[in-house]
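To start, the structure under review is shown below, and the notes come after it.
The first residue in the sequence is number 1, and the count goes up from there.
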Amino acid sequence: MNVFKKWSSRPSETLLLLLIGVICAAGFFLVDAAHQVQNNLPMPPPLLATLLIPVLFALTLLALHLMMLWRGIAMEQVILPCAALLMALGLTMIWRLRGSEGVWQQMTRGFFPGVLLIGALVLRPRWVERIRQAAIPISLIGLALTVITAFIGVQDETGARLSIKLGPLPAIQTSELLKLALIIFLAWYIEREGEAAEGRAVILFGFLRLPPLRYFLPGALFAGLTILALVKMSDFGAVIIMAILFISMLYAGFQTRTFLTIALIGVAFALLAGLILYAFWHVPDVIRYRFEAFLNPWSTAPLLVNGKPNGLTIAEGPGYQIQQSIYALLAGGVTGTGLGFGYPQFIPLAHSDFIFAAILEEMGSATGLAILAVYAVLIIRMLRVAALLPRTQIFERLLLTGIAMHFFSQTLIMVGGTVDMLPMTGVTLPFLSLGGMALLVNLFEIGLALAIMQHMNQVAR
């Protein structure tokens, strides 16, 4: 009886993962069926080639699920299915846009290594404690890699340096590692010094509480160095995400009066830094053009390179991507054109930066809203786990808060950029966009959540 109870402890997750496997297989089949119809080829499409990747995807998730059943984990059965559903939709659209080459890249560089990390964290949840103990080395490595990338990283066509290449290995987008390093560092530092900072704070104006300077200098120094490195890299999106992570984790880690004091000081320093940069820093062309394209994607203003026109306008350059995204949104309507029957290939980088626009065109705005709802459920469930943890587990609570806000900030920035409500920044959409390192980091964050949630399981027992 106890054995049966152990192996049936996650019924909701079992059903959801089975359904997601069917959805992934159906998506791949519909994409290939549309290709066969449009090219007057016989039906059905070759099933082995079509269903191989969905079957591998489903079996890998099933193995992870069985591992969690074997561990006897009964709590929180929604986090993994939410991530799996988003990955299934992302793989389907990558299959549509980039074919087997793009999907295998996503599977081998992101999905398979990421699931292995999740499995390791599920089997060894005490690794979270080791991560806490190694917070300083992890943070320094993340910062060092980013600084190296800023100076000798691979330069793309826009002039930005977003990745570093080590020998024959694929290029690594180091800003993804830096975001995780910042979350770990802030969770560790607030746990270690937060209570002392609160206790020794000086009362200002009868309400605000100002901790001694030495308590927030390390965090401010780390954040400042990361932002300088990211500015040098021209990675504007990562700068915004770092700011959101920093603010949200301070809010979660300190009392409101202390947080407001630190926030006001941070705003003052940010304004000062902004004035200095405005006076002495030349805004990179890639950032300036993206902002101008956000203001008016159809602008006929000439693009300038080193102060000279290059023969293109804003509308023909960075504005073109936003134009095509808006056209895709209008063409898709509520229900979409159907998988394989739209023209998302006209959107530059539709498989990565603008994958949400491709989904809106072929699956419709109804599916787009459903995807946003899945992100909301994922974020809320992670914050729920953080809230239910014992109050003594400060590091784990802050770590989960940072991870949830990482997902929130990425989704906000990319969806906002897709519909031209925010400037485009080149950040990947979690679990959907083609990007091996980004998916690997996101899955590692899911693994941390599943490892931490075992503390809840032990408390419940």
Side-chain angles (χ1 to χ4, degrees), residues 16-61 84-108 110-111 320-374 414-415 418-419 428-429 431-435 439:
L16 288 171
L17 290 179
L18 288 174
L19 179 61
I20 290 165
V22 172
I23 291 172
C24 186
F28 274 60
F29 179 83
L30 289 173
V31 168
D32 282 0
H35 174 76
Q36 299 292 100
V37 169
Q38 291 175 334
N39 292 277
N40 295 318
L41 297 174
M43 289 288 290
L47 293 181
L48 179 60
T50 298
L51 300 181
L52 175 61
I53 292 174
V55 169
L56 289 175
F57 174 74
L59 289 177
T60 305
L61 291 176
L85 178 58
L86 293 169
M87 285 187 290
L89 293 173
L91 287 172
T92 300
M93 190 51 63
I94 293 169
W95 178 257
R96 160 75 175 94
L97 295 167
R98 297 294 297 272
S100 60
E101 179 184 356
V103 173
W104 280 114
Q105 177 182 334
Q106 186 80 332
M107 295 286 282
T108 55
F111 178 69
Y320 178 78
Q321 194 176 36
I322 300 175
Q323 294 172 33
Q324 295 303 314
S325 176
I326 295 173
Y327 293 149
L329 172 62
L330 295 174
V334 176
T335 58
T337 60
L339 275 172
F341 292 99
Y343 299 94
Q345 63 271 19
F346 290 161
I347 310 171
L349 298 177
H351 57 280
S352 56
D353 292 7
F354 276 77
I355 195 167
F356 191 68
I359 291 173
L360 289 176
E361 178 173 357
E362 296 204 338
M363 301 187 197
S365 57
T367 301
L369 291 175
I371 288 173
L372 295 182
V374 173
M414 286 311 299
V415 173
T418 298
V419 298
T428 57
L429 196 55
F431 307 109
L432 284 175
S433 299
L434 176 61
L439 179 60

Can I get a per-line list of side-chain donor-acceptor pairs under 3.5 Å for residues 329-342, giving both atom names and the distance, sequence neighbours left out?
residue: T337; atom: OG1; partner: G342; partner atom: N; Å: 3.4
residue: T337; atom: OG1; partner: E361; partner atom: O; Å: 3.4

### Query
Going through the checks in order, is the side-chain contact (heavy atoms from CB on, under 4.5 Å) test met by I371 and M363?
CA-CA 11 Å; I371 288 173; M363 301 187 197; 5.9 Å; no

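- Pairs of residues two or more places apart, or lying in two chains, that qualify as salt bridge (Lys or Arg N to Asp or Glu O under 4.0 Å) and include a residue from residues 88-97 are R96-E362.
- Under the rule for a ring pair (Phe, Tyr, Trp, His ring centres under 6.0 Å), F356 has no partner lying at least two apart in sequence or in another chain.
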Show the atom names and distances, to 0.1 Å, of all donor-acceptor pairs under 3.5 Å that link a side chain in residues 39-49 to residues at least two apart or in another chain.
residue: N39; atom: ND2; partner: H35; partner atom: O; Å: 2.8
residue: N39; atom: ND2; partner: H35; partner atom: ND1; Å: 3.2

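- Partners of T428 by side-chain contact (heavy atoms from CB on, under 4.5 Å), not counting sequence neighbours, listed by chain and number: E176, Q410, S433, A438.
- When side chains are defined from C-beta on, Q105 does not count as touching I94, because their heavy atoms never get closer than 4.5 Å.
- One distance of note links CG of L61 with CG of L16; it measures 12.0 Å at 0.5 Å rounding.
- Closest of all the heavy-atom pairs between Q321 and F354 is CD-CE1, 3.0 Å.
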Can you give the donor-acceptor pairs under 3.5 Å from side chains of residues 20-29 to other protein atoms, not counting sequence neighbours?
none

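- Taking the side chain as every heavy atom from C-beta outward, W104 and I53 approach each other to under 4.5 Å.
- Remark: Y327 pairs with W298 by the side chain to side chain donor-acceptor pair (under 3.5 Å) rule, at least two apart or across chains.
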#### Entry: Derivation and outcome, side-chain contact (heavy atoms from CB on, under 4.5 Å), residues M93 and L432
CA-CA 8 Å; M93 190 51 63; L432 284 175; over 6 Å; no

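- Taking CG from L369 and CG from L360, the interatomic distance works out to 8.5 Å, rounded to the nearest 0.5 Å.
- Between H351 and L349, some side-chain heavy-atom pair lies under the 4.5 Å cut-off.
- Between the side chain of T418 and the backbone N or O of M414, at least one donor-acceptor pair lies under 3.5 Å.
- In this structure, CG in L434 is found 9.5 Å from CG in L439, a value given to the nearest 0.5 Å.
- A donor-acceptor contact shorter than 3.5 Å is absent between the side chain of Q345 and the backbone of L97.
- F111 is not listed as a side-chain neighbour of Q106, based on a closest heavy-atom distance of 4.5 Å or more.
- By the side chain to side chain donor-acceptor pair (under 3.5 Å) test, D32 pairs with T50, W95, sequence neighbours left out.
- Atom CD of Q38 has more than 12 neighbouring heavy atoms from other residues, nucleotides or ligands inside a 6.0 Å radius.
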